[in-house]
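Numbers for residues simply follow the sequence, beginning at 1. Fair warning: this is a prediction, and the values are worked out from it, not measured in the lab.
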Amino acid sequence: MAIAEVDQALARLDADHGEISANLAELERHPGVRFLDEVPLSGDSAARWAEARVRLDTLWSRLRLFESVSAQAHRVRARRPRPGAGELAELTTLLCDASVTLAPQPIPLAQRGLLGPAAVSRALTLTQLVAEMTADYREVARLAGLGDTVFSEILPQVDRAGDRLRELRELAADPRLTGMAAAALARLDAAEARLNAERALAMSDPLTLAAREPGDTLTGELDAVHQLLRELLDRRDELRGRIRAYRVKAARTGLTEDPGIDARYRRAYELLHSTPCDLDAAAHAVTEYQQAITEKTATR
């Protein structure tokens with residue numbers, strides 16, 4: 001390498017070192033990394049994050065190897081303003097050749113020969129070192145992103161769904177719905193079981209949860225239950241409003257004293273104010289009351 005090439009290479013090393021250091025520090029502080037480090041993982045997430053954590057720790061140790069070779073190259077370059085052939089050869093070796101010796105890696109017993117070594121060590125160029133670090137960094141960052149998705153998006157959604165579920169249970173407990181909300185309560189029980197399962201998975205196997213294909217959301221399920229409960233309330237209120245209106249009509253036309261009309265009114269009224277309320281029977285009774293008044297009015 002010529003002197004100018006050496007100086008350019010050293011400047012690139014310094015810039016690369018700054019970027020690598022900053023990105024590793026940011027990755028270490030990443031919410032997804034902190035979340036995956038802190039929760040008691042199990043299943044696939046435990047295995048995948050254990051491997052990723054080794055990769056992240058290895059990235060730091062490889063950064064120190066990068067720093068060591070870079071510092072050595074700077075010391076050689078600083079010996080004199082214009083390095084001689086010996087220094088240039090040494091710098092070429094440091095900057096271009098396999099100057100980074102990695103820590104020995106054990107060879108699995110099943111892959112060893114009888115006379116073979118128990119561990120193997122590799123030497124890389126700085127360019128090869130950075131390439132391998134980049135691949136490891138991307139994989140750790142990908143898993144950190146999945147962890148952050150669970151921590152920042154899925155868990156808050158689960159918490160909001162839990163709040164909504166409690167609100168719907170309170171609505172289902174409305175005295176006006178006594179005896180009518182069995183189907184809605186069953187759906188709420190199913191939603192709560194699903195909610196609890198999702199929360200448990202988020203806190204034990206979040207990487208599996210984050211990678212799962214999206215299905216029907218809990219929000220949509222709870223919206224359907226809310227609509228069902230509102231329809232029940234609205235239908236009962238609508239029937240009560242109708243019976244009051246026809247009662248007024250009966251009074252105007254002097255039919256409130258008619259035994260048949262009065263009997264139909266009392267039956268509809270009792271069904272609408274009974275607990276539990278059979279809305280289908282009540283609707284039928286209100287219709288019969290309405291028809292009786294219409295028929296009596298028409299014959300007058």
task: Hey, could you give me each pair passing side-chain hydrogen bond (donor to acceptor under 3.5 Å, both in side chains) that has a residue in residues 87-105? Not counting sequence neighbours.
output: Arg79-Glu90, Arg80-Glu87
field: Step-by-step side chain to side chain contact (heavy atoms under 4.5 Å, CB included) determination, His226 to Glu167
entry: CA-CA 10 Å; His226 182 253; Glu167 292 171 359; over 6 Å; no
message: Whether Arg166 and Asp163 form a salt bridge (side-chain N of Lys/Arg under 4.0 Å from carboxylate O of Asp/Glu) is what I want to check.
response: yes
field: Side-chain (Thr253) to main-chain (Lys249) donor-acceptor, under 3.5 angstrom
entry: yes
query: Distance from Ile261 atom CD1 to Arg264 atom CZ, nearest 0.5 Å?
result: 6.5 Å
query: Less than 4.0 Å between a side-chain N and a carboxylate O, is that true for Arg12 and Asp16?
result: no
statement: Closest non-hydrogen contact found for Ala191 with Leu222 is CB-CD2, 3.9 Å
statement: Closest non-hydrogen contact found for Leu124 with Arg122 is CD2-NH1, 3.7 Å
- prompt: Is any side-chain N of the basic residue among Glu139 and Arg142 closer than 4.0 Å to the acidic one's carboxylate O?
  reply: yes
- request: Identify the heavy atoms of Leu27 and Ala141 that sit nearest to each other, and give their distance.
  value: CD1-CA, 3.9 Å
Derivation and outcome, side chain to side chain contact (heavy atoms under 4.5 Å, CB included), residues Gln290 and Ile243: CA-CA 8 Å; Gln290 173 189 349; Ile243 197 174; over 6 Å; no
query: Got a donor-acceptor contact below 3.5 angstrom from the Ser204 side chain to the Leu41 backbone?
result: no
- request: Please determine if Asp262 and Arg247 form a salt bridge, counting it only when a charged side-chain N lies under 4.0 Å from a carboxylate O.
  value: yes
task: Among residues two or more places apart or on two chains, list those pairs meeting ring pair (Phe, Tyr, Trp, His ring centres under 6.0 Å) that have a residue in residues 44-77.
output: none
message: Looking at Thr149 and Gly145, would you say the former's side chain and the latter's main chain have a donor-acceptor pair under 3.5 Å?
response: yes
field: Value rounded to 0.5 Å, distance of CG in Leu95 from CZ in Arg77
entry: 11.0 Å
message: Are Tyr289 and Val248 connected into the same hydrophobic cluster when the rule is that any two of I, L, V, M, F, W, Y join if their side-chain heavy atoms are below 4.5 Å apart?
response: no
message: With rounding to the nearest 0.5 angstrom, report the NE2 to CG distance, His17 to Leu126.
response: 12.0 Å
statement: d(Asp223 CG, Leu228 CG) to nearest 0.5 Å is 12.5 Å
- prompt: CZ of Arg230 to CG of Leu171: how many Å apart, nearest 0.5 Å?
  reply: 6.0 Å
message: For Tyr137, I'd like to know if atom OH has over 12 heavy atoms of other residues, nucleotides or ligands within 6.0 Å.
response: yes
Candidate pair Gln72 and Leu94, rule side chain to side chain contact (heavy atoms under 4.5 Å, CB included), full reasoning: CA-CA 8 Å; Gln72 187 177 354; Leu94 289 170; 3.8 Å; yes
task: Identify whether Leu102 and Val120 are in the same connected component of the hydrophobic contact network (ILVMFWY, side-chain heavy atoms under 4.5 Å).
output: no
query: Heavy atoms, side chains only, cut-off 4.5 Å: are Thr297 and Leu255 in contact?
result: yes
query: Are the side chain of Asp44 and the backbone N or O of Thr208 linked by a donor-acceptor pair below 3.5 Å?
result: no
Heavy-atom pair of closest approach, residues Met133 and Leu59: O-CD2, 3.3 Å
- request: Answer yes or no: is there an ion pair linking Glu28 with Arg53, defined by an N-O contact shorter than 4.0 Å?
  value: yes
- prompt: Would you call Arg212 and Glu198 a salt bridge, using N to O less than 4.0 angstrom?
  reply: yes
query: Do any N or O atoms from the side chain of Glu51 and from the backbone of Arg48 form a donor-acceptor pair under 3.5 angstrom?
result: no
task: Give a yes or no on whether the backbone of Glu19 and the side-chain of Asn23 come within a donor-acceptor separation of less than 3.5 Å.
output: yes
query: Which pair of non-hydrogen atoms, one from Pro117 and one from Ile107, has the smallest distance, and what is that distance?
result: O-CD1, 3.5 Å
message: Taking Glu67's backbone N and O only, do any of them form a donor-acceptor pair with Ser70's side chain (distance below 3.5 Å, no angle check)?
response: no
Rounded distance (nearest 0.5 Å) linking atom CD1 of Ile293 with atom CZ of Arg252: 10.0 Å
message: Tell me whether Glu38 is salt-bridged to Arg34, with the criterion being a basic N under 4.0 Å from an acidic carboxylate O.
response: no
statement: All heavy atoms of Val150 vs all of Pro206, minimum pair found to be CG2-O, 3.3 Å
query: What pairs of residues pass the ring pair (Phe, Tyr, Trp, His ring centres under 6.0 Å) test when at least one of them lies in residues 145-170, not counting sequence neighbours?
result: Phe35-Phe151
field: Evaluation steps, salt bridge (Lys or Arg N to Asp or Glu O under 4.0 Å), between Asp189 and Arg169
entry: CA-CA 10 Å; Asp189 289 341; Arg169 286 201 180 279; 2.6 Å; yes
message: Can you confirm whether Arg267 is buried at CZ, in the sense that more than 12 heavy atoms of other residues, nucleotides or ligands lie under 6.0 Å from that atom?
response: no
message: Can a side-chain donor-acceptor contact be found between His30 and Glu26 if the only test is distance below 3.5 angstrom?
response: no
message: When you group the ILVMFWY residues by side-chain heavy-atom contacts below 4.5 Å and let the links chain together, are Val54 and Leu143 in the same group?
response: no
